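The structure is given below, and queries will be raised subsequently.
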Amino acid sequence: MANMTDILEQVRKGQLGVEEAERLIRGLTAEAEPFTARQIRKNEHDRTDNVDRTKMIDRETFDFATLDYGREQRTGFPEVIYAAGKTAEQLCAIFRALRSEQKIVLATRVSQEQAELLLERESDVVYHADARVAIWSSRPLAPERGGYVAVVAAGTSDWQVAQEAAWTVRAMGSEARVIVDVGVAGIHRLFARLEEIRGAAAIVCVAGMEGALASVLAGLVDKPVIAVPTSVGYGANFGGMAALLSMLNACATGIAVVNIDNGFGAGYMAGMIHRQTDRDKK
């Protein structure tokens, strides 16, 4: 039987029409269909032999979403739902489908309206309103490794973004310690918590206004700092652009910067770093 390369080469040479090529390609694709994620989990031998093939299979498709059940195999953590822009009904449908296949489901940017319907449909889901995060887990969330991630917020106004980062870290199996209101306007507050921050495996730094805390903090620690600029601030903050540009231009080394208000992205990166450092110790 011809493989994909042979089919495409015949099309290029004009020896095969597009419709016939499409039919042959569909036939090749159909051969891979038996290798679903669920079957591989049931058969450890098949999982070993065919893991690369299953990593790319999306078994369930809605009109509004195609679910990625192979993401945990590829990246180490299952698909996360970004709830903003979705209807409450769409969120509930996606959430229910994912929990049937995953040990944990995390949804971010969940509004109060979405949460009310989700909790009505899935009563064992926990909604953290201050983080706008909904979590379901097949077992109680608890740290899976020693050590912790420090989530350091410049001001109380950065709380929501900091909490999104913290709950993402916890969902990934790490302890998160939130240290808030230690910005540069009263830098003595930062020094009072510095030893606890230095003890972390990774640090998330959340700051709005001019975003100076990330540069100051990175110059005091020997751990990676994931900086999150927030949209907190007055007019010339430009919705977080001032903090973002400040963090990107920081003189201190060891800083990585995520997008404005992206607590999830920072928490995810910190969780990955902590997981990797824990593996290296074993």
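None of these values were measured; they are calculated from a predicted model.
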Q. With a cut-off of 6.0 Å (strictly less than), are more than 12 heavy atoms of other residues, nucleotides or ligands near CD of E196?
A. yes
Q. Would you call E122 and R96 a salt bridge, using N to O less than 4.0 angstrom?
A.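 Result for this pair is yes, salt bridge flagged.
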Q. Which pair of heavy atoms, one from V182 and one from L213, lies closest together, and at what distance?
A. O-CD1, 3.7 Å
Q) Quick one: do the S174 and R145 side chains pair a donor with an acceptor below 3.5 Å? A) yes
Q: Kindly assign one of parallel, tilted or perpendicular to the pair H128 and W167, based on the angle between their ring planes and the thresholds 30° and 60°.
A: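 Rings of H128 and W167: parallel, under 30°.
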Q) How far does OG of S246 sit from CE of M209, to the nearest 0.5 angstrom? A) 13.5 Å
Q: Kindly write out the residues that satisfy side chain to side chain donor-acceptor pair (under 3.5 Å) with E116, not counting sequence neighbours, or none if the list is empty.
A: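 Partners of E116 by the side chain to side chain donor-acceptor pair (under 3.5 Å) criterion come out as none, since no residue qualifies.
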**Q.** Residue among L98, V110, L67 satisfying side-chain contact (heavy atoms from CB on, under 4.5 Å) with I81
**A.**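 The option that passes is L98.
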Q: Could you pull out the closest heavy-atom pair between I104 and A171, with the gap in Å?
A: CD1-O, 3.5 Å
Q.
The criterion is side-chain contact (heavy atoms from CB on, under 4.5 Å); which residues satisfy it with S138, sequence neighbours excluded?
A.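 Here the qualifying residues are K103, W136.
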Q) What is the distance from atom CG of L194 to atom CG of L220, rounded to the nearest 0.5 Å? A)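 Taking CG in L194 and CG in L220, the distance rounds to 5.5 Å.
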Q: Look only at the side chain of E175 and the backbone of P143, and say whether a donor-acceptor pair between them is shorter than 3.5 Å.
A: no
Q. Are I273 and I226 close enough that some pair of their side-chain heavy atoms sits under 4.5 Å apart?
A. yes
Q) Do Q114 side-chain atoms and K86 backbone N/O form a donor-acceptor pair below 3.5 Å? A)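 It does hold such a pair.
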**Q.** With E89 via side chain to side chain donor-acceptor pair (under 3.5 Å) - residues at least two apart
**A.**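 Side chain to side chain donor-acceptor pair (under 3.5 Å) check on E89 returns R121.
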Q.
I'd like to know if the side chain of D261 reaches the main chain of S231, judged simply by a donor and an acceptor atom lying under 3.5 Å from each other, with no hydrogens or angles considered.
A. yes
